[in-house]
Amino acid sequence: MSDKEISQKIIESLRNVAHENGKMTSPTAGVDTQGKSKKGKSYEGFTFGISARMDGEVKVFGKNFILINWQSGRHWENQVCRSLNEAESWFRSEAWAGNDEVEAF
């Protein structure tokens, strides 16, 4: 299987997981993206988001380097995933919302 075919399978899988977990409700979600990093490495990906709460983009550079960028509020954040399973776990979580912190009352 070529690198391009592997990237396409990763994108398809992540798009499905994002949809199943409610992260494709933004009007800007689902747009295919492609480009090159500042270092010249090519990527393919897609946009995702939750209406009025979060916008983001997945960039697949290869099977061992998947970059998830998202904005919730005013700040952009990112997560580097070293496998498809790790990226799928991010989409199943609520880590984008900062819910990992314990709330004090």
Least distance between heavy atoms, Phe91 atom then Val58 atom: CZ-CG2, 3.5 Å
Carboxylate-amine/guanidinium proximity below 4.0 Å for Lys4 and Glu44: yes
Where Ile50 and Trp96 come nearest, the two heavy atoms and their spacing: CD1-CZ2, 3.4 Å
Test item: side-chain donor near acceptor, Glu57 and Thr33, under 3.5 Å: yes
Side chain Ser7, main chain Gly62, donor-acceptor under 3.5 Å: no
Ser83 versus Ile66, closest heavy-atom pair with distance: O-CD1, 3.8 Å
Residue Asp3 excluded, over 12 heavy atoms near CG under 6.0 Å: no
Side chain Thr25, main chain Ser51, donor-acceptor under 3.5 Å: yes
Separation between NZ of Lys59 and OG1 of Thr47, rounded to the nearest 0.5 Å: 12.0 Å
CD-NZ distance between Glu94 and Lys23, expressed to the nearest 0.5 angstrom: 4.5 Å
Over 12 non-hydrogen atoms of neighbours within 6.0 angstrom of CD in Glu86: yes
Closest contact, heavy atoms only, Ile10 versus Val60: CG2-CG2, 3.9 Å
Residues Trp90 and Glu88: side-chain donor-acceptor under 3.5 angstrom: no
Closest non-hydrogen atom pair between Ser72 and Arg53, with its separation: OG-O, 3.5 Å
Pair Trp76-Asn69, side-chain contact (heavy atoms from CB on, under 4.5 Å): steps then yes or no: CA-CA 7 Å; Trp76 279 95; Asn69 293 311; 4.3 Å; yes
Evaluation steps, side-chain contact (heavy atoms from CB on, under 4.5 Å), between Lys63 and Leu84: CA-CA 7 Å; Lys63 67 181 182 180; Leu84 175 58; over 6 Å; no
Any donor-acceptor pair under 3.5 Å from Ser13 side chain to Lys9 backbone: no
Side-chain donor-acceptor pair present, Gln71, Glu77, cut-off under 3.5 Å: no
Remaining members of hydrophobic cluster (4.5 Å side-chain criterion), Leu67: Tyr43, Phe61, Phe65, Val80
Pair Glu20 + Arg15, salt bridge at N-O below 4.0 Å: no
Chi angles and distances behind the side-chain contact (heavy atoms from CB on, under 4.5 Å) call for Trp70, His75: CA-CA 8 Å; Trp70 73 94; His75 302 287; over 6 Å; no
Check against side-chain contact (heavy atoms from CB on, under 4.5 Å), Phe48 and Ile68: CA-CA 10 Å; Phe48 63 92; Ile68 302 172; 3.7 Å; yes
Residue pair Cys81 / Ala87: nearest heavy atoms and the distance that separates them: SG-CA, 3.6 Å
Short side-chain to backbone donor-acceptor contact, Ser26 and Asp55, under 3.5 Å: no
